[in-house]
Asker: 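Mind having a look at this structure? Questions to follow.
No hydrogens, no waters, no symmetry mates; every other heavy atom, side chains included, goes into these values. Residue numbers begin at 1 in each chain, while the letters A, B, ... track the order of the sequences.
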There are 2 protein chains.
Amino acid sequence: MSEKWELNAVKQYLIEKDIKPSVQRLAVMTYLLEHRTHPTVDEIYSELQDKIPTLSKTTIYNTLKLFVEKKAILALTIDEKMVRFDGYRQRHAHLFCHSCGKVVDVPLEYDVELPQTEETKGFADVETQVYHKGYCKECLETKNLYIK
Amino acid sequence: MSEKWELNAVKQYLIEKDIKPSVQRLAVMTYLLEHRTHPTVDEIYSELQDKIPTLSKTTIYNTLKLFVEKKAILALTIDEKMVRFDGYRQRHAHLFCHSCGKVVDVPLEYDVELPQTEETKGFADVETQVYHKGYCKECLETKNLYIK
DNA sequence: ATCAAATTTGTAATGATTACAATTTTGAAA
DNA sequence: TTTCAAAATTGTAATCATTACAAATTTGAT
């Protein structure tokens, strides 16, 4: 569940992505690399508060925004309530449970390409995300969900 | 751009989906069927205010929520700021411009299936959405975007 | 015509995100 | 090491999409 990352490897990764490392940035990136849970801003903030007592939630927002701009992580809009973040860089899709909000990685066998049509011509910097949305086994078993 | 729908056909469609037709519901569904622009709540509300002077934005929210529950329309979470709605029922993917927020339909040649793995086993009622995100030609040509 | 259920409406609350200004840290140059 | 401007961080206040909720209206069966 929780791969371990060397601080220097994380630092190197940030530098590769043209991001100046700082205590806060290293903590956020390390958290994302070690936790494949697609956390929200609040989850990251709560988890890192202990390690960095002066941490501000605005810093988490700033940092994640920077990481996304620099393409070091992915912002997932799978949950309509809030953005989830993903530091995993291999091609994969995501599965979302409408009931508990859990997001899990699922394999994606091939690239889903943007077709070349009149509409899509000239689009640049396209990144593709595949979302599967439904209800997970645990929620179906433990909650009384009315799924038609 | 704007296919025309008979009121009775829309009414029939709502009934098929187990939705009791009302003036408001017919107006919203007709709007979604005739406009493939993936409008937001505000856009739908603005457009229908003239036709229905007493219309409330809460009604738009209620109506869209009902339509989604009954699977008459799709809620797109492609834009992190707000939900977009789609009344088009054929299989297709979506293309999103980060700069202007435009969402356009693009062909999707095959079903993107949820693979059967330990993690995905037991998931129910899964619906798949494919999002392509980038910058559209118009924005690239008319705005000074720094795309690295 | 009556009346309960369903629907619509308006207002107030919620909560994620952003704006912004102040404070702190960093790192190069003297 | 000291200085100082740029960058990064922080806290607070504002924004704005969405939801909660209660009152008003409409619907449809009797």
Asker: Atom CG of Leu14(B) and atom OG1 of Thr30(B): how far apart are they, to the nearest 0.5 Å?
Answerer: 7.5 Å

Asker: Mind checking if Thr54(A) touches a base, just sugar-phosphate, or nothing, with heavy atoms under 4.0 Å?
Answerer: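 Sugar-phosphate, no base atom in range.
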
Asker: Can you tell me the distance, in whole Å, between the CG atom of Leu66(B) and the C1' atom of dT8(C)?
Answerer: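 For the pair Leu66(B) CG and dT8(C) C1', the rounded distance is 13 Å.
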
Asker: Classify the nucleic acid contact of Lys57(A) as base, sugar-phosphate or nothing, counting any heavy atom under 4.0 Å across all strands shown.
Answerer: nothing

Asker: Counting any heavy atom closer than 4.0 Å, what does Asn62(A) reach on the DNA or RNA strands: base, sugar-phosphate only, or nothing?
Answerer: base

Asker: If you compare every side-chain N and O of Gln24(A) against the phosphate oxygens of dT25(C) (OP1, OP2), does one of them come in below 4.0 Å?
Answerer: no

Asker: Over 60° means perpendicular and under 30° means parallel, so classify the ring planes of Tyr31(B) and His35(B), tilted if in between.
Answerer: parallel

Asker: If you look at every strand shown and take non-hydrogen atoms under 4.0 Å, does Ser22(A) touch a base, only sugar-phosphate, or nothing?
Answerer: sugar-phosphate

Asker: Holding to side-chain hydrogen bond (donor to acceptor under 3.5 Å, both in side chains), I want the full list of residues that pass it with Thr128(A), two or more places apart in sequence or in another chain.
Answerer: His132(B)

Asker: Quick one: do Cys100(B) and Glu138(B) satisfy side chain to side chain contact (heavy atoms under 4.5 Å, CB included)? Show the steps, please.
Answerer: CA-CA 9 Å; Cys100(B) 66; Glu138(B) 292 70 40; over 6 Å; no

Asker: Rounded to the nearest Å, what distance is computed from the OH atom of residue Tyr45(A) to the C1' atom of nucleotide dA16(C)?
Answerer: 15 Å

Asker: Taking CZ from Arg25(A) and P from dT24(C), how many angstroms apart are they, rounded to a whole number?
Answerer: 19 Å

Asker: Please evaluate residues Leu95(B) and Val103(B) with respect to the criterion side chain to side chain contact (heavy atoms under 4.5 Å, CB included), reporting the C-alpha separation (whole Å), side-chain torsions for both, the decisive distance (0.1 Å), and the verdict.
Answerer: CA-CA 5 Å; Leu95(B) 183 47; Val103(B) 176; over 6 Å; no

Asker: Do Tyr131(B) and Phe96(B) have ring centroids that are under 6.0 Å from one another?
Answerer: no

Asker: Do any side-chain nitrogens or oxygens of Tyr61(A) fall under 4.0 Å of OP1 or OP2 in dT18(C)?
Answerer: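 So the side-chain polar atoms of Tyr61(A) never come under 4.0 Å of the phosphate oxygens OP1 or OP2 of dT18(C).
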
Asker: Counting distance only, does the side-chain N/O of Thr77(A) pair as donor-acceptor with the main-chain N or O of Thr77(B) below 3.5 Å?
Answerer: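 Yes, the answer is positive, given that a donor and an acceptor are paired below the 3.5 Å cut-off.
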
Asker: Relative to the ring of Tyr135(A), is the ring of His98(A) parallel (under 30°), tilted (30 to 60°) or perpendicular (over 60°)?
Answerer: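 Judged by the thresholds at 30° and 60°, the geometry between His98(A) and Tyr135(A) is tilted.
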
Asker: Examine distances only and state if a side-chain atom of Arg84(A) and a backbone atom of His38(A) form a donor-acceptor pair shorter than 3.5 Å.
Answerer: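 Between the backbone of His38(A) and the side chain of Arg84(A) there is a qualifying donor-acceptor contact (under 3.5 Å).
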
Asker: Between Thr59(B) and Lys20(B), who's closer to the 5' end of DNA chain C by nearest nucleotide?
Answerer: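 Result of the comparison: Lys20(B).
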
Asker: With the threshold set at under 4.0 Å for non-hydrogen atoms, list the residues of residues 77-84 of chain A touching DNA chain C in residue-number order.
Answerer: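 The answer is Lys81(A), Met82(A), Val83(A).
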
Asker: Considering only heavy atoms of chain A and a distance under 4.0 Å, specify the first and last nucleotide of DNA chain D in 5' to 3' order that meet this criterion.
Answerer: dA7(D) to dT12(D)

